[in-house]
2 protein chains.
Amino acid sequence: MDTKTEKKYRIGDFAEVTGLSSPTLRYYEKEGLIKPHRTENGLRYYTDQDTDWIKFLLHLKSTGMTIEQLKQYVDWRAEGDSTIDKRVALLEDVRSNFEKEFDNLQKSWTILNDKLDWYKGKVNGHIEDSESFAAYLKRLNHEE
Amino acid sequence: MDTKTEKKYRIGDFAEVTGLSSPTLRYYEKEGLIKPHRTENGLRYYTDQDTDWIKFLLHLKSTGMTIEQLKQYVDWRAEGDSTIDKRVALLEDVRSNFEKEFDNLQKSWTILNDKLDWYKGKVNGHIEDSESFAAYLKRLNHEE
DNA sequence: ATTAAACTTAAAGCTAACTTTAATATAAGA
DNA sequence: TCTTATATTAAAGTTAGCTTTAAGTTTAAT
């Protein structure tokens with residue numbers, strides 16, 4: 001009566017599922033971020049639960065968490081519910097840094113767009129050829 | 001009748017102004033991103049125009065432009081108006097990549113926040129202890 | 001005039017996050 | 001059964017973007 005036959009992925013298939021390479025998966029394992037299962041012959045295999053974790057891990061990574069921080073997170077998780085506060089504190093710290101960086105990025109995006117507008121204005125002549133980009137930004141109130 | 005006495009910054013002061021280190025400024029110079037002036041004794045100095053350029057460069061950098069791409073941009077700029085199309089194309093390419101990455105970051109930010117909410121719900125008991133994070137995301141319609 | 005801080009160069013070193021290599025073993029399909 | 005794909009390990013190599021070092025020179029303040 002097996003209520004749920006778990007799908008098993010070998011490293012190559014799991015690499016496709018996650019968008020990572022096999023060497024990267026082995027690297028993450030070596031760094032302690034994943035713990036795949038093994039067949040009786042010693043081959044790695046991964047399950048759908050591992051997929052969930054990898055996806056979450058990749059989101060954390062793109063918010064700026066380093067491998068080392070992720071490792072810390074994994075270790076705390078393995079210790080159980082007594083470390084929830086630490087995990088929350090870590091994630092809140094990551095979020096706070098990320099938000100700062102995110103604001104910077106928005107600013108940079110604005111400046112990049114301004115520059116493209118400036119080029120276009122220059123090319124079809126509705127911005128004075130003599131108006132510097134710095135002056136243009138000042139006029140838009142986008143300078144720092 | 002000197003209509004405008006330009007302020008001159010030595011590398012250490014310019015480092016403070018830009019938030020970069022002196023070695024980084026020398027490195028950027030070696031890579032062809034800046035061309036400071038020199039005193040008669042060979043010391044570098046920078047002007048307010050250089051500040052504008054560095055600020056813009058740092059914005060481009062944070063949108064994902066590499067040193068190499070910045071160097072290309074600088075070279076084209078030095079060639080004059082005939083390369084405006086190339087520069088615009090480069091910046092548009094950078095913008096497009098940036099926008100994709102930005103969407104990802106927004107998604108990651110959402111997931112990070114969901115995780116923190118999940119932890120909080122778990123701790124003060126209004127999320128079933130048995131509800132996995134994956135299930136929680138599904139309930140919020142935030143899964144991939 | 002002296003001294004300390006700041007500058008000069010070229011080259012080597014560092015860090016994060018992989019990627020590649022080499023030599024070998026296991027597994028899956030015809 | 002044979003062949004080919006995929007797996008195994010440990011270790012070395014790569015890349016971007018700086019940072020540090022070493023040995024000497026210039027500047028600024030006392």
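Protein chains get the first letters and strands the later ones, always in sequence-line order, with residue 1 at the start of each.
At C:dT9, one or more side-chain N or O atoms of B:Arg44 fall inside 4.0 Å of OP1 or OP2 (strictly under the cut-off). The shortest distance between the side-chain N/O atoms of A:Asn41 and the OP1/OP2 oxygens of C:dA27 is below 4.0 Å. Of the side-chain N and O atoms in A:Tyr28, one or more sit less than 4.0 angstrom from OP1 or OP2 of C:dC18.
In this structure, A:Leu70 atom CG and C:dC18 atom C1' are separated by 15 Å, rounded to whole Å. C:dT26 atom P lies 13 Å from atom CZ of A:Arg38, rounded to whole Å. A:Arg10 places its CZ atom 8 Å from the C1' atom of C:dA28, with the value rounded to the nearest Å.
Taking the 5' to 3' direction, DNA chain D first and last meets chain B under 4.0 angstrom from a heavy atom at D:dG17 to D:dA28.
Between A:Lys107 and A:Asp103, no side-chain nitrogen of the basic residue sits less than 4.0 Å from a carboxylate oxygen of the acidic one, so the salt-bridge criterion is not met. The pair A:Lys86-A:Glu79 does not count as a salt bridge, with every side-chain nitrogen at least 4.0 angstrom from each carboxylate oxygen.
Figure legend: B:Lys8 and B:Tyr46 shown without cation-pi pairing, the cationic atom not lying both under 6.0 angstrom from the six-membered ring centre and within 45 degrees of its axis.
Mapped onto DNA chain C by nearest heavy atom, B:Gly12 and B:Lys30 fall at different nucleotides, with B:Gly12 at the one closer to the 5' end.
Side-chain contact, B:Tyr136 with B:Asp117: no donor N or O sits under 3.5 Å from an acceptor N or O. Side-chain contact annotation: B:Arg87 with A:Tyr119, donor-acceptor N/O pair under 3.5 Å present.
Residues B:Phe56 and A:Phe133 bring their aromatic ring centres within 6.0 Å.
Within the nucleic acid shown, A:Lys61 comes within 4.0 Å of sugar-phosphate atoms alone, with no base atom in reach, counting heavy atoms only.
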